[in-house]
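Step one of this worksheet: look at the structure below.
Naming: A, B, ... by sequence-line order, numbering from 1 per chain. What you see is a predicted model; the values in this text were computed from it and never measured. Just so it is clear, the values below take in all heavy atoms, side chains as well, and ignore hydrogens, waters and symmetry mates.
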Amino acid sequence: MGRIPCCEKDNVKRGQWTPEEDNKLSSYIAQHGTRNWRLIPKNAGLQRCGKSCRLRWTNYLRPDLKHGQFSDTEEQTIVKLHSVVGNRWSLIAAQLPGRTDNDVKNHWNTKLKKKLSGMGIDPVTHKPFSHLMAEIATTLAPPQVAHLAEAALGCFKDEMLHLLTKKRIDFQFQQSGIAPGTLQQPLTLQVIKTKRTIRLRRSN
DNA sequence: AAACGATTCAACCGCTACTAA
DNA sequence: CTTAGTAGCGGTTGAATCGTT
């Protein structure tokens, strides 16, 4: 048993769309509109799943879409709205004419998250990391803090091992010792992991 | 110049919400 | 009210591209 597939996967093309396919889809929609996505590929002469056609249209082919860089104003809007509604990408995109939920999501995940972290702001809660650490220290009892610290250190160890293997910086450590400030980045990671652990605990 | 890792973003997957019968 | 079909959403993946060594 299982879920009924939305289309016959064997007869369906996947992956990147060609300009020819784009043309077929665009001209079909221009003539007939976007009612019943299941029938659109068949009627438009496309070997694609209806879902794939809908996605291609809504995220790329729609004539009212913007394709360029996000402006500062748009970024500010995303950050502001995200602090209120969280990962409700379609809700956020609805406030940005010409942008899709996929655009907003991608931009958040690749740029804005890092930007906020770099400013010392947690991209999930939109609070400064220092506040979060203070919250953890004041709201939890010492055994919980100890447990959290242990979990966080475990994550930190994994992260560090990965880093050491990747960058081969263990050699540099041996050669020069740990320079002041070297641990800043991993400590930031530690804070992120600690927060993640708290979130998981709360959701359970 | 080549190899490798990091980044970006289009596309896919699986789930939920909605709607019509 | 129930059920089946469809649309929409958010998370994830992977190919293409870029940057670094």
Need one value for A:Arg54: base, sugar-phosphate or nothing, where a base atom within 4.0 Å counts as base even if backbone is also close, heavy atoms only. base
For A:Ser90 and C:dC9, is the shortest distance between a side-chain N/O and OP1 or OP2 below 4.0 Å? yes
Between atom CD1 of A:Ile121 and atom NZ of A:Lys115, what is the distance when rounded to the nearest 0.5 Å? 11.5 Å
Closest heavy-atom pair, A:Glu75 versus A:Leu112, reported as atoms and distance to 0.1 Å, is CD-CD2, 3.7 Å
Taking the minimum atom-to-atom distance to the side chain of A:Ser52, which one of B:dC12, C:dC9, C:dG11 wins? B:dC12
Using 0.5 Å steps for rounding, measure from the CZ atom of A:Arg54 to the SG atom of A:Cys49. 9.5 Å
Could you tell me how far apart A:Lys51 (NZ) and B:dA10 (P) are, to the nearest whole angstrom? 19 Å
Student check: side-chain heavy atoms of A:Thr100 and A:Trp89 closer than 4.5 Å: no
A:Arg14 CZ - C:dA15 P separation (whole Å): 11 Å
Choosing from C:dT6, B:dA10, C:dC9, which nucleotide comes nearest the side chain of A:Asn106? B:dA10
Please state whether the phosphate of C:dT6, meaning OP1 or OP2, lies under 4.0 angstrom from any side-chain nitrogen or oxygen of A:Arg38. yes
What contact category does A:Asn36 fall into here, base, sugar-phosphate, or nothing, at under 4.0 angstrom with non-hydrogen atoms? sugar-phosphate
Picking from B:dA11, B:dC9, C:dG11, which would you name as closest to the side chain of A:Thr110? B:dC9
Find the distance A:Leu55:CG to C:dT6:P and express it as a whole number of Å. 17 Å
Is the shortest side-chain heavy-atom distance between A:Leu65 and A:Thr58 below 4.5 Å? no
Can you see if the side chain of A:Asn87 gets near the phosphate of C:dG11 - specifically, an N or O under 4.0 Å from OP1 or OP2? yes
May I ask you to evaluate whether A:Thr58 reaches the phosphate of C:dG8, defined as a side-chain N or O under 4.0 Å from OP1 or OP2? no
Under 4.0 angstrom between A:Lys114 side-chain N/O and B:dA6 OP1 or OP2: no
Can you see if the side chain of A:Trp89 gets near the phosphate of C:dG11 - specifically, an N or O under 4.0 Å from OP1 or OP2? yes
Distance, nearest 0.5 Å, that separates OH of A:Tyr60 from CG of A:Leu55: 14.0 Å
Between A:Arg62 (CZ) and C:dA7 (P), how many Å, whole number? 16 Å
Given C:dT12, B:dG14, B:dA10, the nucleotide with the shortest approach to the side chain of A:Gln16: B:dA10
Atom-to-atom span, CG of A:Asp101 to C1' of B:dT16 - whole angstrom: 15 Å
Check: B:dA11 base within 3.5 Å donor-acceptor of A:Asn59 side chain: no
If I take atom NE2 in residue A:His107 and atom P in nucleotide B:dT7, what distance separates them, rounded to the nearest angstrom? 15 Å
In whole angstrom, what separates A:Lys105's NZ from C:dT12's C1'? 8 Å
Can you work out whether A:Thr34 or A:Asn102 has the more 5'-proximal nearest nucleotide on DNA chain C? A:Thr34
Counting just side-chain N and O atoms, does A:Arg88 come under 4.0 Å of either OP1 or OP2 of C:dG10? yes
Between C:dA15 atom C1' and A:Trp17 atom CH2, what is the distance in whole Å? 18 Å
